[in-house]
Undergrad: 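I have a structure I would like to understand better, so I am pasting it below and will then ask my questions one at a time.
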Amino acid sequence: MGLETEYGITVVGSPVEVNPVLASSLVVASRRHDDDISWDYSEEHPLRDARDDVPDPHEPLAADDLGLTNTVLDNGARFYVDHAHPEYSTPEVATALDAVTWDRAGDRIVADAAAQASRSLPEGGTILVHKNNTDGKGAAYGAHENHLVARSVPFADLVHQLTPLFVSRSIYAGSGRLGSEFRDRAVPFQLSQRADFFEAPVGLETTLRRPIINTRDEPHADPARWRRLHVITGDATQADTATLLRVGVTDLVLGMLEDGAAPAPIRLADPVESFHLASHDLTGRLPLARRSGATVTALELQRHYQAAVSRWLERRGATTAQADVLARWDEVLTIAEDEPRDLDGIVDWATKLALLERYRERDGLDWDHPRLALIDLQFHDLRPDKGLFHRLEAAGRVRRLVDDDTVARARIQPPADTRAWFRGRMLQRFRDEVVAVGWDAMIVDAGRRSYTRIPMIDPRRGTRAHVEDLFARAADLRELLDLLTG
Amino acid sequence: MADNQGASSRRRSTEQPVEEAEADATTSSDSATDLSDVDALLDEIDEVLEENAEDFVRNYVQKGGQ
């Protein structure tokens with residue numbers, strides 16, 4: 001699994017205009033090393049389609065995607081500029097809780113990088129980064145989740161099973177926003193920042209006509225065995241429980257699908273419209289039309305999946321990590337079935353809404369008051385002193401699942417149980433000799449006549465258990481390569 | 001995985017003023033149970049909110065992404 005986040009970026013107080021591409025480049029560059037490493041794009045195929053009947057267009061990456069600022073961090077993450085935003089991709093992780101940990105590490109890395117980059121601006125200028133998904137003026141940017149899925153699961157099954165799951169999950173996975181993209185006065189506040197920007201049920205695009213199920217098929221692993229599910233519907237969440245469920249629930253449902261244990265899917269008549277409606281509905285109880293002519297609510301859909309996963313794990317036995325996600329999923333649904341607003345302090349949207357409502361009550365504000373719009377935005381500011389979510393969390397008003405020490409370690413250490421361990425350890429130990437890095441390979445200069453390419457095609461190999469001993473025994477890079485191939 | 005505190009305990013504070021207990025006894029509304037706490041929170045947030053909300057929000061314009 002892994003998470004990618006495109007952060008909102010803005011420059012305030014600068015006497016000269018700093019465009020967002022430059023600002024993003026400054027932020028990422030502040031984390032680059034002097035002798036930096038290029039990204040290995042040789043195995044990247046973002047236009048390859050997961051649907052078997054759609055031909056591979058074989059289009060090369062756009063030239064302007066290649067030259068942009070890009071770096072690879074000692075924790076195995078990628079930090080780069082994408083679409084005029086700084087973007088952080090966590091290293092590959094094996095559990096949802098690790099996704100929370102390395103996602104939080106990314107927030108701190110980006111916030112510190114922005115503070116450092118601000119010092120290179122003319123006097124008075126500050127670069128602000130926000131972990132949100134829309135500017136409220138028609139622009140959207142993403143927070144994507146990635147899952148390794150066995151290719152034996154037919155893609156059509158993924159579409160039919162995951163569409164209702166994603167349509168109905170904003171009740172815990174949304175970070176909340178004022179208003180709607182449709183200027184609907186009846187929607188003063190909604191659960192998801194992203195939902196209104198979705199226009200298609202299935203497709204390859206991520207920036208136009210965004211689809212609920214994205215078909216990008218770029219597994220960064222053996223394509224005969226795996227596909228990558230690229231989930232683009234999600235909000236960039238800050239509350240640990242929301243992030244845990246955003247990635248962990250999909251992981252559980254995919255496990256059930258891979259095991260052939262999923263019940264028949266509940267098909268929605270119009271998934272896109274249902275996604276919008278469910279986001280606009282703060283009760284979780286709005287009837288959504290099914291193909292069968294009956295209706296189902298978002299909470300009923302979530303409970304349908306939760307109950308099915310619970311039965312499946314009861315039969316198969318759950319890991320500690322799976323049991324934890326299942327229990328928290330059950331808990332938030334149980335609270336939401338009573339009153340979704342009671343998720344204040346557990347998930348993002350309800351925490352934000354409670355704050356907005358307190359301001360409305362104290363100051364008698366209408367929904368369109370500018371102070372509420374500011375709170376809606378500043379909730380996502382990553383500066384510890386200014387970010388409102390951060391202030392609420394620091395005051396003990398938001399439940400945490402990972403502590404600061406764990407996050408601090410994750411800024412510099414890779415997860416131990418995926419190939420990210422190998423990538424991170426290589427960078428810690430031999431950064432000067434690393435020429436290029438990709439998700440599934442590294443290219444190094446070991447002083448031989450040509451560079452050496454180290455394939456990392458299996459995301460579950462190259463873990464600490466696999467390679468720690470080799471790193472300990474090797475005196476230098478050549479010895480390590482000998483041990484790896486020996 | 002450190003802190004596992006539940007939703008019900010997150011607003012508890014050992015420093016609640018005595019007045020609040022009286023407020024509690026006279027209302028059945030959950031939202032009134034920690035009025036002074038909420039007041040203190042909003043005061044704290046007032047301190048950090050950007051000045052000139054309207055301009056700040058208007059100037060927050062992003063390029064579209066993925």
Undergrad: Which atoms of A:Ala373 are under 4.5 Å from chain B, going by heavy atoms: the side chain, the backbone, both sets, or neither?
TA: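 Interface part for A:Ala373: both.
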Undergrad: Less than 4.5 Å to any heavy atom of chain B: does that hold for the side chain of A:Asp98, its backbone, both, or neither?
TA: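 It is neither, since no heavy atom gets under 4.5 Å.
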Undergrad: Quick one: CD1 on B:Ile45 to CG on A:Leu355, what's the gap to the nearest 0.5 Å?
TA: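 It is 4.5 Å, given to the nearest 0.5 Å.
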Undergrad: How close do B:Leu49 and A:Lys386 get, heavy atom to heavy atom, and via which atoms?
TA: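 The answer is O-NZ, 4.4 Å.
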Undergrad: Using a 3.5 Å distance criterion without hydrogens, assess whether the side chain of A:Lys137 forms a donor-acceptor pair with backbone atoms of B:Tyr60.
TA: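 The answer is yes, because a donor-acceptor pair under 3.5 Å joins these two groups.
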Undergrad: At a heavy-atom distance under 4.5 Å, which candidate from A:Gly142, A:Ala140, A:Pro20 has the highest pair count against chain B?
TA: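 Among the listed options, the one with the most contacts to chain B is A:Ala140.
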Undergrad: Is the closest side-chain heavy-atom distance between B:Leu41 and A:Leu392 below 4.5 Å?
TA: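 B:Leu41 vs A:Leu392: side chains touch.
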Undergrad: Does B:Val48 offer a backbone N or O that forms a donor-acceptor pair with the side chain of A:Gln378 under 3.5 Å?
TA: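 It does hold such a pair.
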Undergrad: Return the CD to CZ distance between B:Glu47 and A:Arg391, rounded to the nearest 0.5 Å.
TA: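 Answer rounded to 0.5 Å: 9.0 Å.
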Undergrad: What's the separation between atom OG1 in A:Thr5 and atom CD in B:Gln66, rounded to the nearest 0.5 Å?
TA: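 Answer rounded to 0.5 Å: 11.5 Å.
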Undergrad: Chain B heavy atoms under 4.5 Å from A:Val100: which part of the residue, side chain, backbone, both or neither?
TA: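 Contact with chain B: none, neither part.
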Undergrad: Are more than 12 heavy atoms, taken from residues, nucleotides or ligands other than B:Glu44, located less than 6.0 Å from that residue's CD atom?
TA: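 Result for CD/B:Glu44: enclosed.
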Undergrad: Using atom types as modelled and distance alone, determine if a side-chain donor or acceptor of B:Gln62 lies under 3.5 Å from a backbone N or O of A:Thr134.
TA: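 It does not hold such a pair.
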Undergrad: So which of A:Thr10, A:Leu377, A:Thr207 has the largest heavy-atom pair count under 4.5 angstrom toward chain B?
TA: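 Option with the greatest count: A:Leu377.
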Undergrad: In terms of heavy-atom proximity below 4.5 Å to chain B, should A:Arg362 be classed as side chain, backbone, both, or neither?
TA: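 For A:Arg362, the side chain is the part near chain B, not the backbone.
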Undergrad: Please flag which part of A:Leu372 lies under 4.5 Å from any non-hydrogen atom of chain B: side chain, backbone, both or neither.
TA: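 Neither part.
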Undergrad: Under a 4.5 Å heavy-atom cut-off, does chain B meet the side chain of A:Ile232, its backbone, both or neither?
TA: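 Neither; nothing under 4.5 Å.
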Undergrad: Please classify the contact of A:Tyr359 with chain B as side chain, backbone, both or neither, using a heavy-atom distance under 4.5 Å.
TA: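 The answer is both parts of A:Tyr359.
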Undergrad: At a 4.5 Å cut-off on heavy atoms, which part of B:Asp46 comes close to chain A: side chain, backbone, both, or neither?
TA: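 Both parts, heavy atoms under 4.5 Å.
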Undergrad: Once rounded to the nearest 0.5 Å, what's the spacing between atom CZ of A:Arg371 and atom CD of B:Glu50?
TA: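 The distance works out to 14.0 Å.
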Undergrad: Within the structure provided, determine whether A:Asn19 and B:Lys63 are in side-chain contact (heavy-atom separation under 4.5 Å).
TA: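 A side-chain contact is absent here, since even the closest heavy-atom pair is not under 4.5 Å.
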Undergrad: To the nearest 0.5 Å, what is the distance between CG (B:Asn59) and CG (A:Asp135)?
TA: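 Rounded to the nearest 0.5 Å, the CG-CG separation comes to 11.5 Å.
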Undergrad: Minimum heavy-atom separation for B:Gly65 and A:Arg210, please, with both atom names.
TA: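 That would be O-NH2, 3.1 Å.
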Undergrad: State, to 0.1 Å, how close A:Pro370 and B:Ala53 come at their nearest heavy-atom pair, and which atoms those are.
TA: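 Result for this residue pair: O-CB, 3.7 Å.
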Undergrad: Please flag which part of A:Leu208 lies under 4.5 Å from any non-hydrogen atom of chain B: side chain, backbone, both or neither.
TA: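 Contact with chain B is absent: no heavy atom of A:Leu208 under 4.5 Å.
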Undergrad: Counting only heavy atoms closer than 4.5 Å, note whether A:Asp385 contacts chain B via side chain, backbone, both or neither.
TA: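 Just its backbone gets close to chain B.
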Undergrad: Pick one of side chain, backbone, both or neither for A:His144, based on which atoms fall under 4.5 Å of a heavy atom in chain B.
TA: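 For A:His144, the side chain is the part near chain B, not the backbone.
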